[in-house]
Structure formats: structure tokens, C-alpha cells
Amino acid sequence: MAEESILNVKCRLLELFSELDDSELHSIEAWISTQSYKQDLEIKKLLLEKERKLSKIANSLKNMVPFEAEMPSEVIMPPIIGDQADCTKENTCHVDEFLYDDKEVDELVKSQKLTRFYCAECNSRNIKELIFISHSMSKQALQYIFYVLLPQDLEEKHLLDVGSRLGAVLYGAYYLCNASSIVGVEMNKECCEIQENIIKKFSMDSNRIKVVNADITERSDIVKNSNIIIINVLDFFVDVQKHKEMWHFFKKHIKKGSYLISNRSMTDTLDTLELSEEMAGWLKICKPHQVANEIFFDVEDYSELYLYTVK
Ligand SMILES: C[S@@+](CC[C@H](N)C(=O)[O-])C[C@H]1O[C@@H](n2cnc3c(N)ncnc32)[C@H](O)[C@@H]1O
């Protein structure tokens, strides 16, 4: 690094240090002088390397799906109940977080390929902000799941992603953890074909990672065999009745001791579906297993990811 760049780094560090009080500064000094930052730095580098791998997959996917990442064969409807009931076809735009991170979204807006606003009344200045919704998990959320929430060692564990869509969770699991098997069950055939293409293109071990084209409620065998079940919010894809049916099915078939991860609290999901009483005592919220790794994340960004154990 040139002398000028070193100066630049020092300048940035001083900027950060100037915001700290004495005891905070003391703890940073200790972190650096005891060299324990070096271990953290190794993990940080590893995370960046894995993120680059996932970005390569995301870039391949961009060439395989429409810009909105919704397939012609899909029926995607804004939900009529719950915290996303304010979404309509007019005010909502799907921007897939696995394909486009915040920086890329800013670039798309800058180049006018994407807009953040819609006109509520043509030719007027009465514009409103669009709701951006993602049907996939972001790369950072996946890193948080496997580096903070779940235990580090998942050997001999079987992971299931309910509704695996473009496969974001599957690829995240493949590169970020050591689970023995990773299965995605997805009801949309086109999405399954895309996932299979990616698995092949990136030479992933097809004995470890698999996609099954089915309605999950027809595959109790897979659910019963799984120790880790990831469920991204399904509201846009199933009506209320089907959604309730799915939770009854999960309660019946997910085995005790399994982990369940969702990007909305189960209290909210079950309350909205009026299932709280019936499901009371089924799940227990869990603390993250790898708390030390929170250092790599802005924890507030991930407060919407929840880990439960099945009682
Ligand atoms: C919000 S997306 C989740 C994508 C992926 N799990 C992720 O987090 O990146 C939900 C997916 O679930 C699928 N899905 C909804 N109900 C399903 C069902 N009963 N069986 C299988 N797939 C289902 C939808 O087709 C959709 O692709």
C-alpha cells in the first residue's frame, strides 16, 4: 500500500476513534494490541471470499431470469392480511435481494433502470415511494444465519429450504456451512430448473445439494428427515387457507429438536393467521449460537431473522 493510502486509512481510523469515549477506545486498543483482531480478520476475509462466490452465482442468475426475477408461470399476489397487506400491484416492486444488494440497487436507480417512486396521479408532483420487496434472502442475511444464528458445526444435519425459488438459501448453505444435506422444495417448475442449472454450472456436489419440484405438503418424508428448516415469508405465494394448512402440516411433521429459521417472528406469522392458541408452546425462541461473530454484521440489519427450536 502506498504511503498516501496508509495516510488515508489512518485518517479514516482517526475519524472512527474520535467518536469513542475513553473506555471504548481502551477496548479497541486491547483488541489490536493482543492481536486478537487477526483471528477476526481471517474470518472477515473468508466471509468476503464466500460473498464473492455467491455474487458470481447471483450474476449467472441475472442472465437466467427476468429483471423482476418473477417467472411467467408464477402466480404472485400481494397478501390481504398481515404486515405486507399494504402492498398492491401498483405500489410494490420486486427487487431480488440475492441478485441485487443495496449498492447495486442504488446503481440501478442512478441509471434509471429502476425507480423508487410511482406517480399516484399522472402529471402531478404527487409521487409516492414504491415498496421494494424481495422474494429471496440477501447474501448478508445468509451469512448471518450460518455465521451467527446456527451452531458452527452442522455435520450430519439435514437442511431444508421451504420454497427454494432461485436457490439463494441452498447456495448459501452449500458454501457457508457443513450440513450433510441441503434440500430445496419448490412448487414452481421453472424455478426448479433454474436451480438445477446453477447447481450444475457451479459443479456443486449433487449428492449434497438437491432440488425437489413439489408442494411441500406432499413431502412429509423430507420435512421429517430435516434438522434445520428455513422458511422465508410465503405471503405472496399462498392464500390464507393454504398458509394455515402449511403451518398445521409443519407442526405435525417437523421433528422435535429441529431448528426453524424465519425472517419474520413466528408470533407475528401465527397471530395474523389466528393460529397462536393452537400452536402455543410448539416453538422456543433461541439465542444466536455464534455470538462472537456478530462483530462482522450490523446486528440491527438482521433483527428480522429469528431462530427457534421445536419443542
Ligand atoms: C419468498 S420465496 C423464498 C425463496 C427462498 N427460500 C429464499 O429465501 O431465498 C417463497 C417460495 O416458496 C414457494 N412456495 C410457496 N408455497 C409452497 C409450497 N406449498 N410448496 C413448495 N414451494 C412453495 C414459492 O413458489 C416461492 O418460490
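Just so it is clear, the values below take in all heavy atoms, side chains as well, and ignore hydrogens, waters and symmetry mates. Both counts, for ligands and for their atoms, begin at 1 and track the order of listing.
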Colleague: Judging by distance only, is a nitrogen or oxygen of Arg165 under 3.5 angstrom from one on ligand 1?
Modeller: yes
Colleague: Can I get a per-line list of side-chain donor-acceptor pairs under 3.5 Å for residues 211-220, giving both atom names and the distance, sequence neighbours left out?
Modeller:
{"unit_1": "Asn213", "atom_1": "ND2", "unit_2": "Glu186", "atom_2": "O", "d": "3.0"}
{"unit_1": "Asn213", "atom_1": "ND2", "unit_2": "Met187", "atom_2": "O", "d": "3.2"}
{"unit_1": "Asp215", "atom_1": "OD1", "unit_2": "Thr217", "atom_2": "N", "d": "2.9"}
{"unit_1": "Asp215", "atom_1": "OD1", "unit_2": "Thr217", "atom_2": "OG1", "d": "2.7"}
{"unit_1": "Asp215", "atom_1": "OD1", "unit_2": "Lys242", "atom_2": "NZ", "d": "3.4"}
{"unit_1": "Asp215", "atom_1": "OD2", "unit_2": "Lys242", "atom_2": "NZ", "d": "2.7"}
{"unit_1": "Thr217", "atom_1": "OG1", "unit_2": "Lys242", "atom_2": "NZ", "d": "3.4"}
{"unit_1": "Arg219", "atom_1": "NE", "unit_2": "Asp221", "atom_2": "OD1", "d": "3.0"}
{"unit_1": "Arg219", "atom_1": "NH2", "unit_2": "Asp221", "atom_2": "OD2", "d": "2.8"}

Colleague: Can you check whether Met187 has an N/O within less than 3.5 Å of an N/O in ligand 1?
Modeller: yes
Colleague: Only heavy atoms of Leu234, strictly under 4.0 Å: list the atoms of ligand 1 that pass.
Modeller: 10 (C), 12 (O), 15 (C)
Colleague: Using a 4.0 Å cutoff against the non-hydrogen atoms of Ala168, which atoms of ligand 1 qualify?
Modeller: 9 (O)
Colleague: Hey, which atoms in ligand 1 end up nearer than 4.0 Å to a heavy atom of Val238?
Modeller: 16 (N)
Colleague: Under 6.0 Å from the six-membered ring centre of Phe98 and within 45° of its axis: does the NZ or CZ of Lys139 meet both?
Modeller: yes
Colleague: Using residues 151-160 as the side-chain source, report each donor-acceptor pair under 3.5 Å to any protein atom, sequence neighbours left out, with the distance given to one decimal.
Modeller:
{"unit_1": "Asp153", "atom_1": "OD1", "unit_2": "Glu155", "atom_2": "N", "d": "3.0"}
{"unit_1": "Asp153", "atom_1": "OD1", "unit_2": "Asn178", "atom_2": "ND2", "d": "2.8"}
{"unit_1": "His158", "atom_1": "ND1", "unit_2": "Ser181", "atom_2": "OG", "d": "2.6"}

Colleague: List every atom of ligand 1 that sits less than 4.0 Å from any heavy atom of Asp215, numbering the atoms from 1 in the order shown and giving each element.
Modeller: 18 (C), 19 (N), 20 (N)
Colleague: Which of the atoms in ligand 1, numbered in the order shown and given with their element, are less than 4.0 Å from a heavy-atom of Val233?
Modeller: 1 (C)
Colleague: Regarding Arg208 and the six-membered ring of Tyr174, is the cationic atom NZ or CZ under 6.0 Å from the ring centre and inside 45° of its axis?
Modeller: yes
Colleague: If you measure from atom 5 (C) of ligand 1 to every heavy atom of Ser73, Gly163, Ser138, which option wins on shortest distance?
Modeller: Gly163
Colleague: Going by the order shown, which atoms of ligand 1 are within less than 4.0 Å of some heavy atom of Asp161?
Modeller: 5 (C), 6 (N)
Colleague: Tell me, which protein residue and heavy-atom name are nearest atom 8 (O) of ligand 1, and how many Å apart are they?
Modeller: Asn232 ND2, 2.8 Å
Colleague: Any luck finding a side-chain donor-acceptor pair between Ser73 and Lys189 under 3.5 Å?
Modeller: no
Colleague: Among Glu42, Lys44, Lys50, whose side-chain contact (heavy atoms from CB on, under 4.5 Å) with Leu46 holds?
Modeller: Lys50
Colleague: May I ask you to decide whether Glu104 forms a salt bridge with Lys62, counting only side-chain N to carboxylate O separations under 4.0 Å?
Modeller: yes
Colleague: May I ask you to decide whether Arg116 forms a salt bridge with Asp106, counting only side-chain N to carboxylate O separations under 4.0 Å?
Modeller: yes
Colleague: Who's the nearest protein heavy-atom neighbour of atom 2 (S) of ligand 1, and how far?
Modeller: His135 O, 3.1 Å
Colleague: Can you sort out which atoms of ligand 1 are near Ala214, meaning under 4.0 Å from one of its heavy atoms?
Modeller: 20 (N), 21 (C)
Colleague: Contact between Gly167 and ligand 1, counting heavy atoms under 4.0 Å?
Modeller: no
Colleague: Examine the side chains of His289 and Tyr259 and answer whether a donor and an acceptor come within less than 3.5 Å of each other.
Modeller: yes
Colleague: Could you list the atoms of ligand 1 found under 4.0 angstrom from a heavy atom of Val169?
Modeller: 7 (C), 8 (O), 9 (O)
Colleague: Would you say ligand 1 has an N or O under 3.5 Å from any N or O of Met137?
Modeller: yes
Colleague: If the plane angle is over 60° it's perpendicular, under 30° parallel, otherwise tilted; pick one for Tyr308 and Tyr306.
Modeller: parallel
Colleague: Does Ile216, backbone or side chain, put an N or O under 3.5 Å from an N or O of ligand 1?
Modeller: yes
Colleague: I'd like to know if the side chain of Asp271 pairs up with that of Ser276 as donor and acceptor (distance under 3.5 Å, no hydrogens or angles considered).
Modeller: yes
Colleague: Considering only non-hydrogen protein atoms, determine which one is nearest to atom 27 (O) of ligand 1 and report residue, atom name and distance to 0.1 Å.
Modeller: Glu186 OE1, 2.7 Å
